[in-house]
Amino acid sequence: MKTAITPTRSENFSEWYQNLIVAADLAENAPVRGCMTVKPYGWAIWELMRDEMDKRIKAAGVQNANFPLLIPIEFFNKEAEHVAGFAKEAAVVTHYRLKMIDGKLQPDPESKLTEPYIIRPTSETIIGEAMSRWVQSYRDLPLKLNQWVNVMRWEMRPRMFLRTSEFNWQEGHNVFATHDEANEDARKMHKVYGDYMRDVLAIPCIMGEKTPEERFAGADHTYTIEQIMQDGKALQAGTSHDLGQHFAKSFGIQYLGTDGKLTHAWTTSWGTSTRMMGGLFMTHSDDDGLVLPPVVAPYQVVIIPITRGDENIDAMNEFTTNLESQLRDRGIRVLTDNSDMRAPDKMWKWIKRGVPLRVEIGGREIETGTVTMTRRDLGKSSRETVSVADFGETVAAKLDTMQHDMFAVAAERNKTMIHNVKDLAELESALSKGTIGFFRIKYTETQNDRFDALIEKYKISRRCLDDSDPSFVFVAKSY
RNA sequence: CGGGGCGUAGCUCAGUCUGGUAGAGUGCUUGCUUUGGGAGCAAGAUGUCGUAGGUUCGAAUCCUGUCGCCCCGACCA
């Protein structure tokens, strides 16, 4: 059978993924190394994802703000572990103007900055500096801030959406009076992320704490959301950190308590990025292209008029206008594709872009007052004809069902991707046989040289501890 | 940053070994016939052969430099 994307997932997953991005018109590689240009269709998906996440962040009592793109190097120096984590991938701004030298525009040597700036890879430091001034008294706490910005990390091996040198994200930074509150907050935002993945992106996740080996540079605890891709690899889709007092001490974030004593505060930070889009695409899509859960589909329904040139265009327009308004009244995003492409080409275009429901309208439907529709996730076999009178209600119900079905299908697949292994021997045996997915093993089994050798040999890593029993750890290959 | 591969039409690539006026498929444009899961025929347009230099009567082709991309490592929120 001919598929819209070649190679197929089973033939070559990573090439399939790259071709998917092109076929669905999501993004392209930018002229700047490691960076991508997100195209309108891709960005429309991001906007829906972002708006939904923003709503949930605000519901958690967080306010949005905006901090500078450039961070003084000295700020990075203040937290030793943090510097070590990001120094190797920092882009540095050293000059502030250009000059024509030998017919070429070059940084003007005269404009060299005495103190260079780093383009933010994350903003703990510059926000920490602000917090040290904003937090004076216990009355200023808790302080909860978030920003939606782009950041830059000089990646050696970029992959669209999954790892790009520049990416967009939200980073939340909260301050509390006590460690208990801070830790509770880190866990709370972790849960916000997990709920979001399930309800909005229809992606089942493994949620848990990072082991000390894998936690964020400068954190006491890192809580992660790990997704399982169709090829069994892990994707870290969001993290929430309990930063202890590290940044508070480095930046002097202190408050005067009711006891009249000056105490260092406790901070958290938590982020999700455009990487989530990569996870969304890799989780649900198939060999014919993108499959989007209705909640984040720019067009939830596309109406495709099938014309032969001999029908009454006015009747057709009247018919589709009625259908559109039925959907708009229910807040459903709909597009009628009146472009002059041939009908089969339109079909494939919207299949590749993952539109949840395709509606076909031709002379047959107009005559009988019916509508024919097909679900993207189930394909041709789900083609069904309903009466115009029930259209809006049927569509709303189908979109809702589809959102849940997509989660269920992914959850079912995840089950087959998680393997319990009792010791290293069993783990190695599975890996050597090419078993894909996550392996659940006693954490203590991974505390030795033999496990380190397996990491080296099979490119695996500890993804996170099992939330239901933290003496177990999940191990997998990752993106 | 190491190892390998590749830069030729919008896209995928042939042509390079063996130097001699730039090619195919697809897409695009136009027309007719078509149209319910990727239509057919016909006509047409499209290039600084990544880039800079060298060798040569002559370079996509040979030589040197350089830039970029992909894959595999190393590195990594």
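Side-chain atoms are counted along with the backbone in the values below, which use heavy atoms only and exclude waters and symmetry mates. Please read all numbers here as calculations on a predicted model, not as lab measurements. Below, chain A is the first sequence line, B the second, and so on; all start at residue 1.
- Under the Watson-Crick and G-U wobble criteria, each requiring two contacts below 3.5 Å, nucleotide B:G53 is paired to B:C63.
- In this structure, A:T372 reaches the bases: a heavy-atom distance under 4.0 Å links it to at least one base atom across the strands shown.
- Of the candidates B:C70, B:A39, B:A74, the closest approach to any side-chain atom of A:D345 belongs to B:A39.
- Taking atom CD of residue A:E89 and atom P of nucleotide B:C1, one finds them 16 Å apart after rounding to whole Å.
- In this structure, of B:C72, B:A74, B:C70, it is B:A74 that holds the atom nearest to the side chain of A:K459.
- Note on A:E384 versus A:K398: salt bridge recorded, some NZ/NE/NH1/NH2 to OD/OE distance being below 4.0 Å.
- Applying the salt bridge (charged side-chain N to carboxylate O under 4.0 Å, His left out) rule to pairs touching residues 354-363 of chain A yields A:E360-A:R383, sequence neighbours excluded.
- Across all strands shown, B:U18 remains unpaired; no Watson-Crick or G-U wobble contact has both distances below 3.5 Å.
- Distance check, rounded to the nearest 0.5 Å: OG of A:S240 to CG of A:D185 gives 6.5 Å.
- Side chain A:R358 to base B:G37: a donor-acceptor pair is found below 3.5 Å.
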Below 3.5 Å, can you tabulate the donor-acceptor pairs from side chains in residues 432-439 of chain A to any protein atom, sequence neighbours excluded?
| from | atom 1 | to | atom 2 | distance (Å) |
| --- | --- | --- | --- | --- |
| A:S432 | OG | A:E428 | O | 3.2 |
| A:S432 | OG | A:S429 | O | 2.8 |
| A:T435 | OG1 | A:A430 | O | 2.9 |

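- Base-pair partner of B:G31: B:C41 (Watson-Crick or G-U wobble, both distances under 3.5 Å).
- B:G68: Watson-Crick or G-U partner is B:C6, with both key distances under 3.5 Å.
- Rounded to an integer number of Å, the gap from CG of A:D337 to C1' of B:U35 is 14 Å.
- With rounding to whole Å, A:W348 atom CH2 is found 13 Å from B:G36 atom P.
- The distance between atom CD of A:E155 and atom P of B:C70, rounded to the nearest whole Å, is 13 Å.
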